[in-house]
Amino acid sequence: MTADDVITTNGCMHALSLCLMALTKPGDTIALESPCYPGILQLVLSLGLKVIELTCDPMSGIDIRSLERLLPEINVCLLVPNFNTPLGYCMPDKNKMEVVRLLAKHAVPLIEDDTYGDIYFGSERPKCCKTFDEEGNVLWCGSVSKTLAPVTGWAGSLRGNTRIRFSA
């Protein structure tokens, strides 16, 4: 990803909103973690999207087999894999890698909310799903609103996707 692939937004919710508007139309189906951050649910419903809930383990995140079964029904997937709100889990790297591979195989874009990735108490920041993205299928969104500055976020584009252009 280069600087040309990233836009600055008014926080992560704004970044998520732009990504959803670029990738979906009313009536499309999105897969979300269950439970999920209420603001994300309000956003997707306001865009007229149908929601499919992905069951989650409070320690490791989404049930990947469940996601695999639901793939034929979804147009896009939105996950908060690092320190998910409200469950607080941090998805293991092997699960992130498998989710990214699975979604890319089925050409289902992943919008990743990595707002909380920088809020960790270990020696190494947890990897984001975008780290494992070899196909350019992950839109990586984040924010420094929780750690550095109010309402400052970003969105990184999908490689080669003609529907998404982050230019002035």
Side-chain angles (χ1 to χ4, degrees), residues 1-24 30-47 49 51-64 67 74-100 103-104 108-133 136-159 161 164 166:
M1 189 167 14
T2 69
D4 290 337
D5 297 322
V6 179
I7 60 165
T8 304
T9 63
N10 290 325
C12 192
M13 286 301 292
H14 183 217
L16 296 174
S17 176
L18 293 174
C19 292
L20 285 168
M21 287 188 289
L23 290 173
T24 65
I30 185 169
L32 296 175
E33 295 142 314
S34 182
C36 73
Y37 174 62
I40 290 175
L41 187 56
Q42 288 174 329
L43 173 62
V44 301
L45 294 176
S46 75
L47 294 172
L49 303 178
V51 175
I52 289 185
E53 297 177 84
L54 299 172
T55 57
C56 291
D57 178 271
M59 297 301 291
S60 60
I62 66 166
D63 176 355
I64 297 172
L67 172 63
I74 63 174
N75 303 98
V76 67
C77 183
L78 191 157
L79 301 177
V80 185
N82 289 328
F83 311 116
N84 174 279
T85 298
L87 293 179
Y89 65 79
C90 188
M91 188 184 294
D93 287 347
K94 68 179 180 60
N95 292 23
K96 292 174 189 172
M97 190 180 317
E98 187 173 355
V99 166
V100 169
L103 291 171
V108 173
L110 171 60
I111 300 172
E112 177 180 17
D113 178 348
D114 193 35
T115 297
Y116 302 106
D118 288 328
I119 305 174
Y120 65 98
F121 297 103
S123 58
E124 188 175 318
R125 183 197 194 282
K127 290 183 170 99
C128 56
C129 290
K130 186 68 175 172
T131 304
F132 305 106
D133 182 24
N137 197 52
V138 177
L139 273 165
W140 178 56
C141 300
S143 172
V144 291
S145 297
K146 310 291 188 253
T147 56
L148 185 62
V151 277
T152 305
W154 64 84
S157 71
L158 296 168
R159 184 179 342 146
N161 189 308
I164 298 176
F166 292 141

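Throughout, numbering of the chain's residues begins at 1 and tracks the sequence.
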K.L.:
Just to verify, what does Leu41 make a side chain to side chain contact (heavy atoms under 4.5 Å, CB included) with, not counting sequence neighbours?
P.N.:
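Scan of Leu41 (side chain to side chain contact (heavy atoms under 4.5 Å, CB included), adjacent residues dropped) gives Leu32, Cys36, Val44, Leu45, Val51.
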K.L.:
Can you tell me how far apart NZ (Lys130) and SG (Cys141) are? Round to the nearest 0.5 Å.
P.N.:
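The SG atom of Cys141 is 10.0 Å from NZ of Lys130, to the nearest 0.5 Å.
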K.L.:
Of all heavy-atom pairs between Gly11 and Ser143, which one has the smallest distance, and what is that distance?
P.N.:
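Scanning both residues completely, I find the closest heavy atoms to be CA-OG, 4.3 Å.
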K.L.:
Only counting residues at least two apart or in another chain, list the ones meeting side chain to side chain donor-acceptor pair (under 3.5 Å) with Ser34.
P.N.:
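Partners of Ser34 under the side chain to side chain donor-acceptor pair (under 3.5 Å) test: Glu53.
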K.L.:
Nearest 0.5 Å, please: how far is CH2 in Trp140 from CD in Glu112?
P.N.:
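Output value for this atom pair is 8.0 Å.
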K.L.:
Any chance you could measure Glu98, atom CD, to Ile62, atom CD1, to the nearest 0.5 Å?
P.N.:
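It comes to 9.0 Å.
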K.L.:
Roughly how far, to the nearest 0.5 Å, is OG1 of Thr115 from CG of Asp113?
P.N.:
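Here the rounded value is 3.5 Å.
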K.L.:
Taking it one step at a time, do Ile30 and Thr24 satisfy side chain to side chain contact (heavy atoms under 4.5 Å, CB included)?
P.N.:
CA-CA 9 Å; Ile30 185 169; Thr24 65; 5.9 Å; no
K.L.:
Can you give each donor-acceptor pair under 3.5 Å made by side-chain atoms of residues 75-83, sequence neighbours left out, with the distance rounded to 0.1 Å?
P.N.:
from, atom 1, to, atom 2, distance (Å)
Asn75, OD1, Thr29, N, 2.7
Asn82, OD1, Lys96, NZ, 2.6
Asn82, ND2, Asp114, OD1, 2.9
Asn82, ND2, Lys127, O, 3.2

K.L.:
Rounded to the nearest 0.5 Å, what's the gap from CG on Leu43 to CE on Met21? Could you check?
P.N.:
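Output value for this atom pair is 8.0 Å.
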K.L.:
Is there side-chain contact between Thr131 and Val100, with at least one heavy-atom pair below 4.5 Å?
P.N.:
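Heavy-atom side-chain distance check fails, nothing below 4.5 Å.
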K.L.:
Asp57: which residues meet the side chain to side chain donor-acceptor pair (under 3.5 Å) condition with it, sequence neighbours left out?
P.N.:
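Here the qualifying residues are Ser60.
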K.L.:
Could you tell me if the side chain of His14 sits less than 4.5 Å from the side chain of Leu18, heavy atoms only?
P.N.:
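Touching, per the 4.5 Å side-chain cut-off.
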K.L.:
Can you give me the closest heavy-atom contact between Phe132 and Met97, atom names plus distance?
P.N.:
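For Phe132 versus Met97, the nearest heavy atoms are CE2-CE, 3.6 Å.
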K.L.:
Quick one: are Cys129 and Leu110 in side-chain contact, heavy atoms under 4.5 Å?
P.N.:
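Cys129 reaches Leu110 side chain to side chain.
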K.L.:
Working to the nearest 0.5 Å, report the span between CG of Leu20 and CD1 of Ile40.
P.N.:
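Result: 9.0 Å between the selected atoms.
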K.L.:
Under the side chain to side chain contact (heavy atoms under 4.5 Å, CB included) rule, collect the residues that match up with Gln42, sequence neighbours excluded.
P.N.:
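Residues passing side chain to side chain contact (heavy atoms under 4.5 Å, CB included) with Gln42: none at all.
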K.L.:
A side-chain contact here means heavy atoms from C-beta on lying under 4.5 Å apart; do Leu139 and Leu23 qualify?
P.N.:
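Result yes, sub-4.5 Å side-chain heavy-atom pair found.
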K.L.:
I need the minimum non-hydrogen distance between Met13 and Tyr37, along with the two atoms involved.
P.N.:
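That would be SD-CE2, 4.1 Å.
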